[in-house]
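Here is the structure we will look at.
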Amino acid sequence: MNILILGSGGRESAFAWKLAQSPKCGQLLIAPGNAGTSQYGTNVNIGVNDFAGIKQLVLSNNINMVLVGPEEPLVRGIHDFFLADDAIKHIPVIGPQQEGAQLEGSKDFSKQFMARHNIPAAKSQTFTRETLQEGFEYLATIGLPIVLKADGLAAGKGVLICLSVQEAQQELIEMLTEAKFGAASSKVVVEQFLQGIELSVFVLTDGSNYKVLPSAKDYKRIGEGDTGLNTGGMGSVSPVPFADAEFLKKIEDRIIIPTIEGLKSEKIPYKGFIFIGLMNCGGDPYMIEYNCRMGDPETESVLPRIESDLVDLLSGVAEGNLNEKQLVISDKIAATVVMVAGGYPGEYLKNKVITGMENVRGSQVFHAGTSMDGDNVITTGGRVLAVTSLQDNLFDALQQATADASRIYYDGMYFRKDIGFDLL
Ligand code: AMP
């Protein structure tokens, strides 16, 4: 089977690494990919939103399956684009159609979906420029802190946590009337703050059957001790130690099954991954958000724990017989440390030569923001590498991943040395 992966981050590197291990994987293309993905397949310099270019690529390389890494092409309708074109409609796309992708593309849609299917979530209401006054009244009733969410995709920046009603009012004005997050904040979800510990659970579904993939916890802040600015993700751990069998059963019964059944009953086709972001509030799971794809860097911790053939599982998604496929998950613990560029998540250094990767001993290095410059691998993105170690216990996994990250060097290199230590 010839497979095309769309994307260029650590998540796509992990997918390429895993798919390339399958005896069923023929030609593997990654568009656009990075310096690391070319170890497992062939990079093609076509962007993830260039649907016409992707069509040509798929046809000229006899591609049999397309795996979409990031959310943007899904929310823009790449799956629908394939289905609407006689030349490529037979080629399965792993990732939902536009309607299902609204679970991530519109916070308002996803909150309404949760409400319709009695999925436990924070209390919320949605406001527009026209209902700003009602919004102000609601802010005064909801308790502090107050969570404001831009409805649309805002590159991970559209969520604000406000410590006072005044601050929330000001932000609401800026979001709704001054387009603080562009068109994404023309609607704003005002939400109650959930107190608890966050975790993520991933589901693979063919729209009818599903498999629950390993849980993971990610670390979003740039600084040690969870301080400083938010980032795309500085590390992850899988599984999450406090997500025991009883808690996972609650998640399955209260969230996963109602989600799959809800999609089915509303006739929303969905073939792909569902990222379920949760808060553990005193032993009960509450939804924070859906994403319509795998997380990054959670994928780099989750995939190394999947022992089964991923091509086989994705074929089950495509063919609608996921229930006949086997999912075997390793008991080992995975820890991922993300190495970033100096200055990230602000203005960051670029084009720095990376050395020392050959000294890594007990980890898998997944490339994220890297490119080739002659024979050198150079940094081109904010998140540069994801270093994952799989070990018998969490302490060893964390120590190995951290030690291996220290063996790699580039000017301005930074990574957190405390990933996962809160879980020990
Ligand atoms: P989201 O884009 O919805 O995942 O929100 C980004 C982050 O904001 C989440 O990962 C949480 O850390 C935080 N967050 C979002 N909604 C809430 C909430 N209702 N209560 C507490 N924290 C939240």
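Note that the structure is a prediction, hence the values are computed from the model and not measured. Scope of the values below: all heavy atoms of this structure, side chains included, with no hydrogens, waters or symmetry mates. Counting starts at 1 for both ligands and their atoms, following the listed order.
Contact of the V317 side chain with the T205 side chain is not registered, since no non-hydrogen atoms from C-beta on lie closer than 4.5 Å. Residues R407 and R361 meet the side-chain proximity criterion, which asks for heavy atoms closer than 4.5 Å. With contacts defined as side-chain heavy-atom distances shorter than 4.5 Å, the pair V340/F415 does not qualify.
With sequence neighbours left out, S22 forms a side chain to side chain donor-acceptor pair (under 3.5 Å) with D309.
Taking the six-membered ring where the residue is Trp, the centroids of Y138 and F127 are separated by under 6.0 Å. For F273 and Y210, the gap between ring centers reaches or exceeds 6.0 Å.
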Identify the protein atoms, limited to N or O, that lie within less than 3.5 Å of an N or O atom of ligand 1, and list each pair with its distance to 0.1 Å.
{"residue": "ligand 1", "atom": "2 (O)", "partner": "K107", "partner atom": "NZ", "Å": "3.1"}
{"residue": "ligand 1", "atom": "2 (O)", "partner": "E289", "partner atom": "OE1", "Å": "3.3"}
{"residue": "ligand 1", "atom": "3 (O)", "partner": "K107", "partner atom": "NZ", "Å": "3.2"}
{"residue": "ligand 1", "atom": "3 (O)", "partner": "K149", "partner atom": "NZ", "Å": "3.2"}
{"residue": "ligand 1", "atom": "4 (O)", "partner": "E289", "partner atom": "OE1", "Å": "2.9"}
{"residue": "ligand 1", "atom": "4 (O)", "partner": "E289", "partner atom": "OE2", "Å": "2.6"}
{"residue": "ligand 1", "atom": "10 (O)", "partner": "E198", "partner atom": "OE2", "Å": "2.6"}
{"residue": "ligand 1", "atom": "12 (O)", "partner": "E198", "partner atom": "OE1", "Å": "2.6"}
{"residue": "ligand 1", "atom": "12 (O)", "partner": "E198", "partner atom": "OE2", "Å": "3.3"}
{"residue": "ligand 1", "atom": "16 (N)", "partner": "K149", "partner atom": "NZ", "Å": "3.0"}
{"residue": "ligand 1", "atom": "19 (N)", "partner": "E191", "partner atom": "OE2", "Å": "2.7"}
{"residue": "ligand 1", "atom": "19 (N)", "partner": "Q192", "partner atom": "O", "Å": "2.9"}
{"residue": "ligand 1", "atom": "20 (N)", "partner": "L194", "partner atom": "N", "Å": "2.7"}

